[in-house]
Participant: 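Once you've had a glance at the structure underneath, I'll fire off some questions.
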Amino acid sequence: MLIKCPWCGDRALQEFSYQGDATVARPPEPADPADANWDDEWYQFVYLRDDPKGWHDEVWHHIQGCRKHFKARRHTVTHVIADTAPMSEELKGGDK
Amino acid sequence: MKKYSVFSLARNALDYHENWTEAWRSPEPKPEYDVIIVGGGGHGLATAYYLAKEHGITNVAVIEKGWLGGGNVARNTTIVRSNYQLEGNAFFYEKGMDLWRSMSQDLNYNVMFSSRGVINLAHNDAQVDAFQRRGNTMRLNGIDAEWLTVAEIKKRAPLLNTENMRYPVYGGLCQPKGGTARHDAVAWGYARAADDRGVDMIQNCEVTGMRIENGKILGVETTKGFIGAKKVGVAVAGHSSQVFQMAGMRLPMETHVLQAMVSEPIKPALDTVITSGAAHCYISQSDKGEMVFGGDIDFYNSYAQRGNYPIIEHVVTAMCELFPAFSRLRLMRTWGGVMDMSMDGTPIIDKTPIDSLYINAGWCYGGFKATPASGWCFAHTIAQDQPHDLNSAFRLNRFETGHTLDEKGVGSTPNMH
Amino acid sequence: MVEMTERVSALAAIYETGTFGNDVDGGPSVTLHERRPLSIVHIAGNSDDQAFAGGVGKACGCALPIEPGTIATAGELSLIWLAPTRWLAVSPDQGPGILEAALRDACGESGAIIDVSHGRTVIRLSGAHARMVMMKGAPLDFHKSSFTPGRAAQSAISQCGTLITCPAEDTFDVYVFRGFGQHMWEWLTDAAGEFGYKVENPVS
Amino acid sequence: MSRSYRTAEGGRIDRSKPLSFTFDDVRYTGFQGDTLASALLANGVKLIARSFKYHRPRGIMSAGPEEPCGMVQLREGARTEPNIRATQVELFDGLVASSQNRWPSVKWDVNSINNLFNRMLPAGFYYKTFMWPKAMWMTYEEVIRHAAGMGRSADQPDPDRYEHMHAYCDVLVAGGGPAGLMAAKSAADSGARVILVDENPELGGYLRGRNQKVGAKSAMDWVASVHVELEAMENVTILSRTTVASYYDHNMLVLNEHTGDHLPTADGWTPRQRNWKVWAKQVVLATGSIERPLVFGNNDVPGVMLTNAIQAYANQYGVTPGRNAVVFTNNDSAYEAVLDMHDAGMRIAAVVDNRTIETAATKPVRERGIPVFHNHVVFNVRGNKHGVKGVEIMALNEAGDHVAGSIIKMDCDVVGMSGGWTPTVHLFSQSRGKLRWMEDITTFVPDVSFQQERSAGACKATWGLNSCLKEGAKAGAEAAKAAGFDTAKPVSSPKSSDDGMGEIRAMWRVPQPPHSHLKRFVDFQDDVAASDVELAIREGYTSIEHTKRYTTLGMGTDQGKTSNVNGLAIVSEELDKPIPEVGHTTFRPPYTAVTMGAITGTERGHHFSPTRRSALHEWHKQAGATFVPAGMWMRPQYYQQPGESMWDAIYRETLNVRTKVGMFDVSPLGKIDIQGPDSAEFLNRCYINGFGKLPVGKCRYGVMLREDGMVFDDGTTSRLSENHFMMTTTTAKAGPVLQHLEYLLDVIWPELNVHVVSVTEEWCGMAVAGPNSRELLARCTDADISNEGLPFMGVAEVDICGVPGRIYRISFSGELAYEVGVSSDWGPHVWSTLMEKGQDLGVAPYGTEAMSIMRIEKGHVVGAELNGRTTADDLGFGGMTSTKKAFIGQRSITKPAFLETDRKQLTGLKSVDGKTKIPRGAQIVADPKGRIPMEQLGEVTANCYSPNLKEFIGLAIVKGARDRKGDRLWAFSPLTKECCEVELCSPHMYDPEGERLRG
Ligand SMILES: Cc1cc2nc3c(=O)[nH]c(=O)nc-3n(C[C@H](O)[C@H](O)[C@H](O)COP(=O)(O)OP(=O)(O)OC[C@H]3O[C@@H](n4cnc5c(N)ncnc54)[C@H](O)[C@@H]3O)c2cc1C
Ligand SMILES: NC(=O)c1ccc[n+]([C@@H]2O[C@H](COP(=O)([O-])OP(=O)(O)OC[C@H]3O[C@@H](n4cnc5c(N)ncnc54)[C@H](O)[C@@H]3O)[C@@H](O)[C@H]2O)c1
Ligand SMILES: Cc1cc2nc3c(=O)[nH]c(=O)nc-3n(C[C@H](O)[C@H](O)[C@H](O)COP(=O)(O)O)c2cc1C
Ligand SMILES: [Zn+2]
């Protein structure tokens, strides 16, 4: 694969480290620590990821390059990458 | 079923083998079954076989979207062992070893299970410690394990490099009864034996939906139409996330691609199975002569049965470090399979929150060896509607309660398991 | 006082000048030397922050290069882009802590200034086949039309993270962590062997 | 040479350069430009090898990478290589080759007895037998394994050199035949960066073996002129002897260049092979096509060859593989070959054509008086290991499905077979392209592309030369255009002939007379005959994938280049299902097998992974240290002195620290510089314990968790100023921790203004430990390092030995100790100065072993305890865990499993009798004599003899250990047959109150 780091441009796969699902958000601290939902929310955050057969928004780390994390929208069957973007921006493209 | 033996082979030779019959039928699906097993891989087929054999449930269909045994069972490096550290795993895999030992005779199909020993190389002191801990656990659990010195390892694998290398070999943990088996034969043998007991093998039939009413499963939607079932067991390995999504379930699992490869066939040059965690490589020689080897997964989520080059380079490099003479062999073919990597590296065999729907998943890249035990336990779980003692640690809710079984100790990073 | 203490290079034990490798017609076509001693300072901060960007500019004598993979220079000092919020300032040794202090003085509380002068080994390759040697090592596009003077990129050679710059035509600087210095030197000279190579005395 | 099959003239070999070589110890001569195959054929050597299963005699069948039969063991000793296709070996002087898969010799092979029993050995026979008696299987297996395989592996390390190259280009052209050359030319003319790749030593592709014209020139003169032209262009790289092996995602391709295989040995710095990793914007596939065999009786006798191969041997190498040929075809392409063979002086006994109608191609052949039998087939070959003796020919019946009439017997010594052509679509398929079956020409062709590539020429089933040239030019221009060279256009191609293979009459199995059971081979390499495919179908292995695996069709080293289409067509006939519905098996990388060494490149032996050296490495070496790998680092394990054993040295070093002063190189510990206004807040969130109130000038031990609640890493972090911290990590986790922090800052808390930078290599770290450490340091610095000036867990910026540095008052050994940090280049100076100044204080270095003993004595945890399954509480850090702030992993530690009381907890161990060593890696059990399976209460994570406590001690994690102090259990290692009664104690076995380190 050739992955476009939003800063460094197209770079070889071996420069990157895969960091998983970009759609999971770390749940904010609950107002009430005794909140029962919180365990479930927490379980979901730690253990449940998007695992689609198709377009997937994910985090990559340009570990052998600029060492920045960024987002990529990649197809899990064809490995086509529709878009990459800094963490703060939205991904476009793909059929998602 | 026509019994296979050297006599039947000789008899048929006289007829130029024109009178053999099909190993399994290809029936059209019935409208309803007592049990439907989704996934015609090793686990699905074994489950169907043991449902029939151990529980007398024969009105069973195995539904396979492609060709039987075309998933991971067709593409794994065939290593069979039970050298686990954690209690929840050990006895399960050892049950598997028992079943492996008599599988050919039980199925009347030679699966070429070859007890040639599996050696884990230790490349530093910490690994010696860790492997000895594991070996001792195995022994105390009643599982065969031996510690081998470098000289003893050299004797079993004369071409192995132990000294002139970046990470020299300090010793190795050997499971003498571990080994390899002919992967395709395992699938075919179970299919033939299950067919013989009345199980329907439905190929080229993809499950596309689950019919669930009032929290109970009634059957599956497929490319050949709806098929009803009293119970449904799913054993689709790399497609677990996909199939359970049809039941509205999210699994603690990610799908990743693992590659394996073979060299050109050569005369016997390696008589045992060598694995090296430090070098990230495991290797054995098939009966046909190829060196069969693999290593790490590709690290990114993938449903493609094909990977990319960096891992191949990495695995081949490790292989040559272990066997510098094999540097002159040639890589003949590489391929990939997609794996259901669970969040703690351990499988799940359990009931689900949906009545009469059962799960068998999360095998990561170690489920081939589990094929018989998995089928046996899954059949029990389905038939009795509760897990057997042997798979009692493989619960679906263990992540919520914190009872994870993390052999590698890397936590909820599936691509590290 | 401190000037008296000589800095020992990571390559000290193996450095040997002379001509090595293949005996090729026309003599060696790659020249290598270690660049030392250097002052190297890692700079981190937000380029939109005037106090920071201005401070760095003032201390270095050139503006922060904002475009990825570029280098700004002022005399003997270069300011190399590493990441959207990171740069490396490199100059011949200015004395312990001098460049770091200048930057910190200029930037005040904004940004992070970290002296890493001793943490890197820098190897310069030049000559007609220097580019080929680089091509053996890193999965970057080293084509003449692409990796031009003034470009920098981070990548990996022989599994070691590297920063590679092109200070001039057919000239490359390879930065690695000091601990990998000797390995990288061995690797690069080995890769240059085919073309014949010359090792010169270290200069900054 | 009496039996020479070399023509008097012609061919592109250099007859002035004879080369001597041996095959099976017999010396022969060939010429520069020969392949091993052509040279063997020139010398009349027909029997080359024994087949895989039946050990049937086999010879050369092709002239290229598709060769399924003519494989040899090449070279000797450490350089020997199995399964090398003689058709691809360039001859060099002194070449040594031998036949393989035979014993004792290729002529007299014991296992050829298999052929007699071949009826017992149909596809999959081993699944049906060898099951009884059960215990015998391992013996049967042994026999099977020895009969299988082909050549043998070298038994010494590979002495050759391999390298890698990385390249980017606009257009990569795979294949240097007419189509590829035109594509490269058109693309290059537009200014695009072009890489042209061909597996052969010479460009030209199929033209090399033919007598063709391109425009007015002879084809190969034209090739030469294009070659010169391209070579002169700066934007073109030509890689010959290079195979495009694999095609990966995003147009990443791997090429395998044979830089030294044509040389006796690739010497010195020249690599034997070089693998290229290329990222191409666009790819043109011009990989040509491969001729198909026909499936008739005994079609594997040495001397039965692909027709184009005979033509190529005649034209290119000046070799006639026989004197008297029969050519069996189902299409026109063989006729051109027949003319060339005839021109080369061969007698053509007959052309046998299964088609009913004469085509224009027949005429020139007939004009030479060569008999042509239409509507006839060769159904059997007579011959043996000495080669073809003749053929048996019969007419076809009306339907064409049976032979009819009488048998015509004809003598000959070589048979050409031509079953049509198969486009080489391997790379196209690897790139995910979809194929389409074309019934009229009986081949799969590229249909829908997936990646940025296009096919041109014979690999797209374009057979005519003229069309190939045109198509190549067009593809090259289109590729350049797609790569952004807008003005690209096809260069004009010289006019050439456009003959193709005309009508083809598919005949997947050549019929045989009733009741005959001749072996008709489909896959020559794996000995798969038509009857095997039929059997597989009969037994229900009807998916093409099942057929493949059951029969091993296409699974040999040639990966079915000549057999796949014939095989699947037979399946189609047996199932009465059209070929597109049968489908094809998956084309997988590599195109032809690639040497492992080339994939490895330079990363071998000690370069398998880079070695990381501390600034003090040289000092340790000089001091006689034994090194031990720790990740990529090499660390001194101990410093053995003359007359000392390893353990003597280790105990001496340990005692020296406890009684005097020792120095240990801690440079490999991970060090992360943390700066920014939110640094303290960030650390608070990362560690279980608080860092907000840590005063400037102080260090604190911290423990980090993963989100799932398990301990991730530990280390001390110092506050250098309000917003400036220095974190240390374990050596093993230095990388993962940095990545973890970066992740948190980039992804989870981007709002925090914190910068983290690794400074591991900037700092040389030295632990100075022992009662004399303060005195020693005092001699080297003016700073106040008294207990008041620099109390336990204090940090100070100082001048030491004349250079600036830091002194941390921390202790891993448990003694009064300091960690000195100075910039790495000054490390050797500072270290040696300390060593010098401390002579009278008894200063001595210590290594990882002594360190390890002292950490066990003190109960400090390392990797074995931080096994990813232990919680902070398990390890005794429960009290440190803050309840006042949120931190990574906090929410997980209240899960039920974390609160269970029988969790395994850290404990110290002492050998009860004081004499028995606690076995390494032992399990903790209540009664070692108990029954197996036995309950295991815990496990030993560390063990040693403590020279200070003068007893055997250890650490373990044991169920509920904190409440079991004083309990006696057993540390049992059945693996090593060791057992030791142990008493559970506090892990802090040495100086439990910490008086020494605070002193
Ligand atoms: C390269 C590689 C190497 C490996 N090496 C080893 C090893 O050495 N030792 C070891 O123990 N394990 C190994 N494994 C793991 C092992 O192969 C798997 O864990 C195991 O085979 C999985 O079980 P299975 O055989 O049932 O899976 P599969 O064979 O994958 O069966 C699942 C089946 O479900 C079918 N399916 C999926 N979705 C649907 C649907 N919607 N409808 C109908 N059917 C569906 C699939 O087509 C497939 O046939 C390896 C795996 C790979 C990929
Ligand atoms: N008369 C007929 O019916 C008939 C049939 C087929 C081909 N042909 C002739 O064959 C020629 C076809 O021209 P073309 O240029 O398309 O093909 P070609 O066969 O001339 O050239 C293809 C080249 O690509 C090389 N190659 C293939 N795969 C490769 C790989 N993976 N890596 C590196 N090199 C690889 C081959 O060795 C060959 O040199 C024409 O002259 C055509 O007339 C004629
Ligand atoms: C243990 C094992 C041995 C194999 N040996 C061979 C072999 O000798 N020749 C071959 O072509 N493929 C071999 N394969 C690979 C298969 O051809 C095939 O690639 C694999 O089953 C994956 O299927 P696919 O490539 O059709 O997707 C082997 C596979 C396995 C699992
Ligand atoms: Zn980047």
Side-chain angles (χ1 to χ4, degrees), chain A residues 1-5 10-24 26-27 36-65 69-82 84 94-96, chain B residues 65 206 208 236 238-246 249-257 296-314 317 336 338-344 346 348 361-362 396-404 406 411-416:
Chain A
M1 288 200 266
L2 193 63
I3 301 175
K4 190 186 210 95
C5 166
D10 287 332
R11 292 297 187 89
L13 171 63
Q14 58 262 45
E15 290 185 4
F16 298 88
S17 156
Y18 178 73
Q19 295 295 310
D21 190 0
T23 66
V24 286
R26 194 168 193 272
N37 281 333
W38 164 134
D39 278 342
D40 189 48
E41 240 178 82
W42 184 248
Y43 158 69
Q44 296 205 18
F45 163 66
V46 179
Y47 293 108
L48 299 189
R49 317 274 158 84
D50 256 10
D51 188 21
K53 186 170 183 172
W55 293 105
H56 188 216
D57 289 355
E58 46 201 32
V59 179
W60 288 77
H61 189 202
H62 194 186
I63 188 162
Q64 298 278 29
H69 289 81
F70 61 91
K71 289 198 258 188
R73 179 164 295 167
R74 193 180 55 94
H75 196 283
T76 58
V77 179
T78 63
H79 301 163
V80 167
I81 297 177
T84 57
D95 200 9
K96 194 172 175 174
Chain B
K65 74 177 163 118
E206 180 168 355
T208 53
V236 291
H239 287 82
S240 299
S241 292
Q242 279 318 100
V243 174
F244 279 97
Q245 203 172 40
M246 298 172 195
M249 286 170 61
R250 289 182 87 194
L251 299 182
M253 218 164 272
E254 275 183 18
T255 307
H256 284 262
V257 57
D296 279 331
I297 59 176
D298 265 28
F299 291 114
Y300 47 81
N301 285 36
S302 174
Y303 283 86
Q305 286 174 333
R306 61 205 294 280
N308 275 289
Y309 192 61
I311 288 295
I312 292 187
E313 211 170 63
H314 189 175
T317 301
V338 295
M339 273 134 347
D340 36 344
M341 303 297 293
S342 70
M343 292 286 158
D344 60 356
T346 298
I348 297 165
L396 180 56
N397 71 352
R398 66 177 183 267
F399 303 94
E400 279 153 284
T401 61
H403 292 95
T404 51
D406 189 349
S412 57
T413 40
N415 54 352
M416 307 287 284

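What you see is a predicted model, and the numbers here were worked out from it, not measured in a lab. Just the heavy atoms: all of them, side chains too, but no hydrogens, waters or symmetry mates, feed the values below.
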Participant: Measure distances from A/Gln44 to the heavy atoms of chain B and classify the residue's part below 4.5 Å as side chain, backbone, both or neither.
Facilitator: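 Side chain only.
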
Participant: Less than 4.5 Å to any heavy atom of chain B: does that hold for the side chain of A/Trp42, its backbone, both, or neither?
Facilitator: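 Neither part.
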
Participant: Heavy atoms only, distances under 4.5 angstrom: which of B/His314, B/Met253, B/Met343, B/Glu313 has the most pairs with chain A? Name it, please.
Facilitator: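 Among B/His314, B/Met253, B/Met343, B/Glu313, the one with the most close pairs to chain A is B/Met343.
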
Participant: For A/His79, is it the side chain, the backbone, both, or neither that has a heavy atom closer than 4.5 Å to a heavy atom of chain B?
Facilitator: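 Answer is side chain: those atoms of A/His79 sit under 4.5 Å from chain B.
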
Participant: Just so I know, are the side chains of A/Asp50 and B/Arg250 near enough to count as touching, which here means a heavy-atom distance under 4.5 Å?
Facilitator: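 Yes, their side chains come closer than 4.5 Å.
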
Participant: Nearest 0.5 Å please: distance from the CD atom of B/Glu400 over to the OH atom of A/Tyr47.
Facilitator: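 One gets 10.0 Å once the value is rounded to the nearest 0.5 Å.
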
Participant: Aromatic rings B/His256 and A/Tyr18: how do their planes relate, parallel, tilted or perpendicular, breaks at 30° and 60°?
Facilitator: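 The rings of B/His256 and A/Tyr18 stand perpendicular, inter-plane angle above 60°.
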
Participant: Which residues in residues 299-309 of chain B have any heavy atom lying under 4.5 Å from a heavy atom of chain A?
Facilitator: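 Listed by number, the contacting residues are B/Phe299, B/Tyr300, B/Asn301, B/Ser302, B/Tyr303, B/Ala304, B/Arg306, B/Asn308.
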
Participant: How long is the gap from NE2 on A/His56 to CD on B/Glu254, to the nearest 0.5 Å?
Facilitator: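 A/His56 NE2 to B/Glu254 CD: 6.5 Å, rounded to 0.5 Å.
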
Participant: Going from CD on A/Gln14 to CD1 on B/Ile311, what distance comes out if it is rounded to the nearest 0.5 angstrom?
Facilitator: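 One finds 10.5 Å between CD of A/Gln14 and CD1 of B/Ile311.
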
Participant: Check whether B/Thr404 gets within reach of chain A through its side chain, its backbone, both or neither, counting any heavy atom under 4.5 Å.
Facilitator: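 Just its side chain gets close to chain A.
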
Participant: Given side chains that start at C-beta, do those of B/Pro310 and A/Met1 come closer than 4.5 Å, heavy atoms only?
Facilitator: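 Side-chain contact under 4.5 Å: no.
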
Participant: So which bits of residues 238-246 of chain B come within less than 4.5 Å of chain A, counting non-hydrogen atoms only?
Facilitator: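 Result: B/His239, B/Ser241, B/Gln242.
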
